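The structure appears right after this line, and notes come after that.
Please read all numbers here as calculations on a predicted model, not as lab measurements. Lettering follows sequence order; numbering is per chain, from 1.
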Protein chains: 6
Amino acid sequence: MRIAVCPGSFDPVTNGHLDIIARASKMFDKVIVAVLHNSSKNSMFTIEERVEILKNNCADLENVEIDSFSGLLIDFMELKNAQVIIKGLRAVSDFEYEMQMALMNRKLNQNIETVFMMTSSKYSYLSSSIVKEVARLGGCIHGLVPDSVEEELIKRFNIGG
Amino acid sequence: MRIAVCPGSFDPVTNGHLDIIARASKMFDKVIVAVLHNSSKNSMFTIEERVEILKNNCADLENVEIDSFSGLLIDFMELKNAQVIIKGLRAVSDFEYEMQMALMNRKLNQNIETVFMMTSSKYSYLSSSIVKEVARLGGCIHGLVPDSVEEELIKRFNIGG
Amino acid sequence: MRIAVCPGSFDPVTNGHLDIIARASKMFDKVIVAVLHNSSKNSMFTIEERVEILKNNCADLENVEIDSFSGLLIDFMELKNAQVIIKGLRAVSDFEYEMQMALMNRKLNQNIETVFMMTSSKYSYLSSSIVKEVARLGGCIHGLVPDSVEEELIKRFNIGG
Amino acid sequence: MRIAVCPGSFDPVTNGHLDIIARASKMFDKVIVAVLHNSSKNSMFTIEERVEILKNNCADLENVEIDSFSGLLIDFMELKNAQVIIKGLRAVSDFEYEMQMALMNRKLNQNIETVFMMTSSKYSYLSSSIVKEVARLGGCIHGLVPDSVEEELIKRFNIGG
Amino acid sequence: MRIAVCPGSFDPVTNGHLDIIARASKMFDKVIVAVLHNSSKNSMFTIEERVEILKNNCADLENVEIDSFSGLLIDFMELKNAQVIIKGLRAVSDFEYEMQMALMNRKLNQNIETVFMMTSSKYSYLSSSIVKEVARLGGCIHGLVPDSVEEELIKRFNIGG
Amino acid sequence: MRIAVCPGSFDPVTNGHLDIIARASKMFDKVIVAVLHNSSKNSMFTIEERVEILKNNCADLENVEIDSFSGLLIDFMELKNAQVIIKGLRAVSDFEYEMQMALMNRKLNQNIETVFMMTSSKYSYLSSSIVKEVARLGGCIHGLVPDSVEEELIKRFNIGG
């Protein structure tokens with residue numbers, strides 16, 4: 001069984017992420033979406049919320065599993081018997097950073113492979129942080145994130161605003 | 001009447017910015033230089049100072065207006081009946097970030113267009129932050145910023161130093 | 001009156017080109033689409049055909065004029081009293097080449113300005129040569145070029161094939 | 001069964017190609033190396049030679065099959081029931097070109113996915129054309145291509161030289 | 001006598017840095033490794049520790065001297081009668097930033113030249129920060145930094161962990 | 001004695017090349033400008049003309065020698081006891097190609113080092129081919145090439161035109 005891991009902060013998940021996850025699920029026997037528990041970085045959504053949102057939005061993808069991890073990605077992968085890291089690429093700057101990470105992960109474990117998928121061109125400008133920024137300033141984010149995330153972002157920024 | 005907006009932090013304005021503004025003013029009926037009021041980011045000059053410096057240095061450009069904004073740039077543009085965003089590009093990394101912003105702004109409002117102008121090659125290494133860094137360390141910034149800004153930067157770093 | 005020139009080979013025009021032309025026509029008083037007559041390069045469509053196709057597909061844009069030129073672009077611009085060159089950018093590699101050309105054109109004439117517009121993300125993979133290549137191999141190019149160009153390409157490659 | 005295709009000219013195959021093929025073979029049930037029969041481009045090795053060299057050098061990879069194709073890659077893939085295109089990336093310039101091709105292929109067939117793998121850093125400077133150029137000038141290409149290819153290149157350039 | 005300076009934070013030095021220093025030492029009469037004393041940035045190793053580590057690891061390079069500096073690099077260089085800045089490049093993003101710095105340094109002092117050397121491809125993914133991150137998460141950093149640095153990083157993260 | 005080689009086609013030499021050569025001559029004991037004799041590529045100036053032009057324009061640089069070579073650059077360097085290759089970089093696309101060449105040259109000879117220098121920003125758009133193209137179309141190339149080259153280019157294109 002070939003297991004791939006799709007790691008990220010997903011704070012929150014965007015429709016660009018969901019597009020990559022759905023497409024990846026067709027290529028591997030199992031895809032584990034691995035939410036990074038990064039204690040040092042302020043996240044808007046808790047790790048539990050991020051996992052929950054992903055579970056709700058990937059419910060119809062039978063071979064997709066949602067999990068969280070802290071520590072080294074390759075340690076998580078060994079635990080899960082996963083062999084492949086999936087990363088979405090939007091732009092050249094993504095590419096260079098991800099290439100550096102991929103080379104480091106291969107150094108750490110020769111059997112781990114990173115594969116890159118292109119973000120769909122209609123989501124090429126999309127990132128979790130730009131969505132939060134637009135929502136914070138009151139802009140319309142419809143179609144960029146799942147509806148429940150849209151509602152939640154509007155609610156949080158209105159209360160805070 | 002075609003109105004273009006030239007947004008930025010201008011903390012402080014550099015001669016590279018002024019070059020872009022002057023060249024843009026020849027292409028559109030009116031150019032509004034829009035100083036971003038970003039409360040979360042520490043700026044060296046207050047929003048009032050930044051507007052004032054720009055006013056002094058654009059005084060001879062008749063169709064250039066200085067203003068400030070907070071919130072979404074496209075909301076400011078709708079208020080001003082502006083249709084075009086002008087951005088200066090220096091390098092590939094500028095290009096990718098600005099392309100992402102431009103695509104997002106077009107998603108938010110289909111009628112807003114972003115156009116890119118090349119920074120003059122003699123200013124290709126120039127940014128507000130590198131000017132502040134060089135001034136802080138006592139380096140000569142003559143010719144990189146307007147004279148009054150040069151004096152002010154020297155004064156501030158001497159007092160603080 | 002501000003006149004912009006949109007130069008290119010347009011061999012043949014794609015929907016990506018037409019999108020840039022339409023958007024540019026809103027920003028300037030007149031936009032001249034200038035088809036390059038490049039004698040040393042083999043073109044699939046003659047200069048007359050390329051001009052004709054553009055005329056047909058820009059007929060509803062009142063301030064757009066189709067013309068052809070050979071020689072230096074800036075000489076053509078001076079003849080037409082045009083001040084602005086418009087170029088569409090898709091990718092980083094476009095950007096570097098166009099930046100070099102823009103700097104050279106500014107060296108040749110200080111009053112000529114080049115502005116860059118982003119290709120719509122749905123056309124980011126599109127170029128005249130890739131369209132011809134796909135058509136040559138029998139692939140579907142519907143939606144990538146105007147319908148009349150699609151028919152013409154299919155006809156030419158079938159006869160030749 | 002998930003079938004991936006690894007397309008290319010392989011004129012001749014390099015150790016960088018073989019590294020990608022071997023790594024890809026671990027991720028998919030079958031990997032078809034598809035040698036492009038490009039009649040318009042001068043190749044050093046015939047299509048039969050290129051297929052033969054690949055067969056000899058992939059003999060120990062049980063799920064790797066060597067084939068050739070002309071025409072559209074996606075037509076070949078449909079014929080072979082393949083769903084995934086594999087491309088090796090060395091540098092940013094590779095990335096942009098491959099991204100454009102991947103977007104075009106997705107436009108032509110929504111069910112075809114392109115995944116990118118990183119070339120091993122020790123082969124990051126390697127391409128078929130640089131190998132031929134070095135061999136032509138009498139430089140040592142040991143370790144860059146399979147031994148049989150090395151011998152063949154030396155033989156051909158000596159006779160021609 | 002031609003003196004080159006190799007500036008950096010070296011927090012801590014990696015084997016990629018040491019490779020550049022050794023190669024640079026063959027090209028110039030003297031190479032001064034200049035450790036930046038950056039008071040505003042949190043460093044893991046003190047300036048004294050960083051200088052000490054470099055001294056231990058460059059002991060066999062006779063024309064290499066270790067020093068530290070604060071303030072403008074070009075002021076330090078004038079003090080040392082150095083004419084050349086050496087920077088290692090790994091990727092395109094390095095290149096753009098370093099190009100900007102090099103142009104600024106030339107503006108500050110016309111006689112100062114910056115030369116770029118390629119990082120060895122086997123260290124192309126290596127940086128001080130990625131090494132610290134991997135060590136913090138318990139990953140193996142053997143071969144990426146000098147042995148003494150490896151031990152020290154493991155010790156520090158174990159105590160803190 | 002440290003000897004550097006500055007290789008290129010120099011068809012013809014531009015002021016950007018001369019700037020790099022002059023700056024390089026301050027860093028090394030001897031700089032050999034090595035004109036590539038590339039039989040397969042059509043050059044506008046013969047190898048003898050290109051060497052002659054360079055000799056005339058570098059006459060006041062005492063430690064600069066003009067020579068030509070065919071074959072592998074590293075073979076020429078071994079013959080000349082040269083250790084360093086100097087390349088000027090203008091843009092990211094230059095960088096990637098040159099990095100690939102530098103890695104290949106290091107593979108061929110471990111003792112050969114490539115160093116990159118930045119093209120002066122005022123020549124960032126300059127190349128031999130763009131100069132020839134502009135001259136061919138009758139544009140002004142004054143200040144881009146040595147005066148004698150300017151005259152020669154005008155003469156050749158007028159006769160041919």
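Of the atoms belonging to Thr114(D), it is backbone heavy atoms, and not side-chain ones, that fall under 4.5 Å from chain A. Of the atoms belonging to Ile86(D), not a single heavy atom falls under 4.5 Å from chain A. For Asn111(D), no part sits under 4.5 Å from any heavy atom of chain A, backbone or side chain. With a 4.5 angstrom heavy-atom cutoff, Val115(A) touches chain D via backbone and side-chain atoms both.
Of the listed residues (Arg23(A), Met99(A), Met117(A)), the greatest number of heavy-atom pairs within a distance under 4.5 Å of chain D belongs to Arg23(A). Ranking Lys26(D), Gln83(D), Arg106(D) against chain A, the residue ahead of the rest is Arg106(D), based on heavy-atom pairs under 4.5 Å. Options Arg2(A), Glu113(A), Met118(A) differ in how many heavy-atom pairs under 4.5 Å they form with chain D, and the most are formed by Arg2(A).
Rounded to the nearest 0.5 Å, atoms CG (Asp29(A)) and CG (Asp29(D)) are 7.0 Å apart. Atom CG of Leu89(D) and atom CG of Leu89(A) lie 7.5 Å apart (nearest 0.5 Å).
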